[in-house]
2 protein chains.
Amino acid sequence: MTRYSRQTRLLAAIDCIIFGFDGQELKVLLIHRAFEPEKGKWSLMGGFIQPDEGFEEAASRILLQLTGLKGVYLEQLHAFGDPARDPIERTVSVAYFALIDIHKYEKQLSEEYHPEWFPIGSIPKLIFDHARIIEMGKEKLRYKAALHPILFELLPEKFTIPQLQSLYEGIYETGLDKRNFSRKVLSTGLLIKLKDKEKTSSKKGAFYYKLDKRRYQAKFQAFLNIIPNAHKLS
Amino acid sequence: MTRYSRQTRLLAAIDCIIFGFDGQELKVLLIHRAFEPEKGKWSLMGGFIQPDEGFEEAASRILLQLTGLKGVYLEQLHAFGDPARDPIERTVSVAYFALIDIHKYEKQLSEEYHPEWFPIGSIPKLIFDHARIIEMGKEKLRYKAALHPILFELLPEKFTIPQLQSLYEGIYETGLDKRNFSRKVLSTGLLIKLKDKEKTSSKKGAFYYKLDKRRYQAKFQAFLNIIPNAHKLS
DNA sequence: GCAATTCGTGTCAAAGTAACACTTATATTT
DNA sequence: AAATATAAGTGTTACTTTGACACGAATTGC
């Protein structure tokens with residue numbers, strides 16, 4: 001026996017939602033689709049799964065192609081299998097989302113795709129079901145970030161507490177009390193205070209912190225509860 | 001343009017983890033695989049995705065085939081894509097998990113598969129990567145049930161609070177204080193007390209409750225936090 | 001009518017949460 | 001050099017939630 005008989009075979013693709021944070025709002029990196037159909041339209045970065053390539057492997061490859069980045073936070077979001085989602089030929093898509101430091105991304109790498117960052121609230125019209133994929137990705141990011149310290153993946157190695165707070169405020173589109181916020185994040189024990197300050201955004205300057213990577217690994221599953229009333233989230 | 005050229009096509013299957021609760025422990029329904037390879041070995045219930053069939057649709061079909069049940073709680077768990085997971089031919093699997101009332105399941109329906117319930121702690125050797133799929137399913141169920149009221153799906157329409165508590169204790173393999181437990185579940189406002197009692201398991205008898213379906217829909221996203229120290233879960 | 005069993009409930013101390021305002025450090029302006 | 005403007009950093013208090021803990025109530029079988 002070498003194959004299963006009388007079964008339909010189909011294409012499998014990976015699509016990546018690439019999230020970044022510019023200091024103000026959550027953004028998504030989109031490309032101009034490189035081939036027909038819908039060539040030139042806005043799309044998530046994606047690609048077909050190659051023979052002998054696993055899903056994570058394919059997702060990393062695609063991410064590397066567009067951003068030049070390796071070792072990035074990458075998580076499977078959902079598999080999309082509507083028979084009509086690609087009009088040319090049935091293609092299932094396994095969607096991943098990646099969290100990257102937006103400053104590490106070098107635009108010039110990928111001339112071919114003319115990528116651009118879009119605020120999560122102003123996504124252009126997208127091909128196929130990519131709008132729905134992004135919607136689900138945004139929800140999962142909010143959900144997960146309310147419980148686990150993953151948003152650090154969107155920041156540079158050194159960051160200030162006000163920057164971290166802006167990030168949470170941007171993701172949840174809400175204001176947070178800075179006294180409560182700082183008390184909570186510091187109480188996790190995940191942050192190490194550095195000696196230098198970030199001075200561009202205030203006269204006084206804010207101390208830099210970095211992640212305590214050992215504890216980050218260990219406490220990853222711990223619930224942060226940064227967001228008051230996280231249970232009211234959709 | 002009718003097809004994408006130079007891309008490999010592959011098989012796509014659905015596998016279903018069917019969870020049930022017998023009053024003592026969490027169980028999984030397994031079958032004897034019906035065809036080669038590994039014919040007769042223990043396996044999750046599954047099947048190939050048919051042309052023009054979406055994932056949820058396929059998962060429902062497969063569940064119906066084995067259990068005769070419709071309208072069951074069904075959620076996508078994860079897509080598995082290791083190129084070598086099926087030795088015959090590359091097959092990706094989209095795994096779903098279902099929560100059913102174990103008493104509604106009628107064994108005789110599915111002669112073909114010789115299905116059996118196994119306690120989650122005593123799963124036999126399974127084909128392919130099904131052991132890992134179940135492991136992930138168990139974790140996701142625990143994770144999700146700590147935050148959302150999904151375990152009701154495992155109980156009959158009418159149930160008592162002691163039964164509900166046994167369920168939580170079974171899922172989390174822990175003991176719970178009945179005073180605190182009852183206070184918490186009642187405070188959700190999801191339960192409606194009925195006038196009759198369940199009398200088989202105690203002399204005094206325990207009042208039946210049923211779910212308030214309106215509030216269940218509305219509060220589904222609400223965090224229950226039934227499990228003290230849920231953040232210590234793996 | 002006595003014993004045995006499981007159901008059902010209340011209190012209290014501790015921890016966690018959310019609301020709230022002022023001082024500090026520094027750069028810029030006058 | 002003094003005044004001003006700006007964002008950083010910090011502490012207290014009231015309230016809510018949590019977890020630990022024990023006994024009376026209802027019923028059955030002996």
Side-chain angles (χ1 to χ4, degrees), chain A residues 23-24 146-147 149 155 158-170 172 174-210 219 222-233, chain B residues 23-24 146-147 149 155 158-170 172 174-210 219 222-233:
Chain A
Q24 301 298 322
L147 304 174
L155 291 175
K158 286 163 58 176
F159 53 86
T160 68
I161 291 190
Q163 283 168 359
L164 185 61
Q165 182 174 345
S166 301
L167 173 53
Y168 276 91
E169 291 178 336
Y172 292 101
T174 181
L176 297 171
D177 181 277
K178 67 177 172 175
R179 290 160 290 189
N180 293 339
F181 182 82
S182 127
R183 176 157 40 83
K184 278 195 196 177
V185 292
L186 292 175
S187 79
T188 62
L190 291 175
L191 299 190
I192 298 172
K193 190 174 188 172
L194 302 178
K195 298 220 172 80
D196 50 336
K197 282 182 165 185
E198 192 283 324
K199 312 268 293 185
T200 64
S201 61
S202 87
K203 296 172 179 176
K204 183 177 178 182
F207 280 104
Y208 278 118
Y209 286 78
K210 66 175 183 181
K219 287 195 76 169
F223 292 5
L224 258 182
N225 196 17
I226 289 293
I227 309 306
N229 302 317
H231 58 279
K232 289 180 190 155
L233 295 176
Chain B
Q24 301 299 321
L147 305 173
L155 291 175
K158 286 162 60 174
F159 52 86
T160 68
I161 292 190
Q163 282 168 0
L164 185 62
Q165 182 173 346
S166 299
L167 173 54
Y168 276 91
E169 291 177 337
Y172 292 101
T174 181
L176 297 171
D177 180 278
K178 69 175 171 176
R179 290 159 292 190
N180 294 337
F181 182 82
S182 128
R183 175 158 41 90
K184 278 196 196 178
V185 293
L186 292 175
S187 79
T188 62
L190 291 174
L191 299 189
I192 298 173
K193 190 173 187 171
L194 302 178
K195 298 217 173 84
D196 51 335
K197 282 184 165 184
E198 193 282 323
K199 313 265 294 186
T200 65
S201 60
S202 85
K203 298 176 178 176
K204 182 178 178 183
F207 280 104
Y208 278 118
Y209 286 79
K210 66 174 183 180
K219 286 194 76 167
F223 292 6
L224 258 182
N225 197 16
I226 289 292
I227 308 305
N229 302 316
H231 58 279
K232 289 180 189 155
L233 295 175

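A, B, ... follow the sequence lines: proteins, then strands. Residue 1 opens every chain. Below, all heavy atoms of this structure are taken into account, side chains as well, without hydrogens, waters or symmetry copies. Note that the coordinates shown come from a computational prediction; the quantities given were computed from them, not determined experimentally.
Judged by distance alone, with hydrogens and angles left aside, the side-chain atoms of B:Tyr172 form a donor-acceptor pair with the main-chain N or O of B:Ala146 at under 3.5 Å. B:Thr188 contributes no side-chain N or O that, together with a main-chain N or O of B:Lys184, makes up a donor-acceptor pair within less than 3.5 Å.
What separates CZ of A:Phe181 from P of D:dA7 is a distance of 18 Å, to the nearest Å. Between A:Phe159 atom CZ and D:dA8 atom C1' the separation is 16 Å, expressed in whole Å.
Distance from the side chain of B:Arg183 is smallest for D:dT18 among the nucleotides C:dC20, D:dT18, D:dA8. Between D:dA8, C:dA21, C:dA18, one nucleotide has an atom nearer to the side chain of A:Pro162 than all others, and that is D:dA8. Of the candidates D:dA8, D:dG11, D:dC21, the closest approach to any side-chain atom of A:Asn180 belongs to D:dG11. In this structure, of C:dA18, C:dA21, D:dG9, it is D:dG9 that holds the atom nearest to the side chain of A:Phe207. Here C:dA27 is the nucleotide among C:dA27, D:dT10, C:dA25 with the atom lying nearest to any side-chain atom of A:Lys199. Taking only side-chain atoms of A:Asp177, from C-beta outward, the nucleotide of C:dT9, C:dC20, D:dT18 with the closest atom is C:dC20. Counting only heavy atoms from C-beta on, B:Lys193 has its side chain closest to C:dT9 among C:dT9, D:dA8, C:dG10.
Between A:Lys203 and A:Ile161, the one whose closest nucleotide on DNA chain D sits nearer the 5' end is A:Lys203. When the nearest nucleotides of DNA chain C are assigned to B:Lys204 and A:Gly205 by heavy-atom distance, the more 5′-ward of the two goes with B:Lys204.
A close approach under 4.0 Å does occur between a side-chain nitrogen or oxygen of A:Lys184 and OP1 or OP2 of C:dA18.
Scanning all heavy atoms of the two residues, the minimum distance from B:Lys204 to B:Lys197 falls at O-NZ, 3.3 Å.
Between B:Ser182 and the choices B:Ile161, B:Leu176, B:Leu191, the side-chain contact (heavy atoms from CB on, under 4.5 Å) rule is met once, by B:Ile161.
Nucleic acid contact for B:Ser201: sugar-phosphate only, since backbone atoms but no base atoms lie under 4.0 Å from a heavy atom of the residue.
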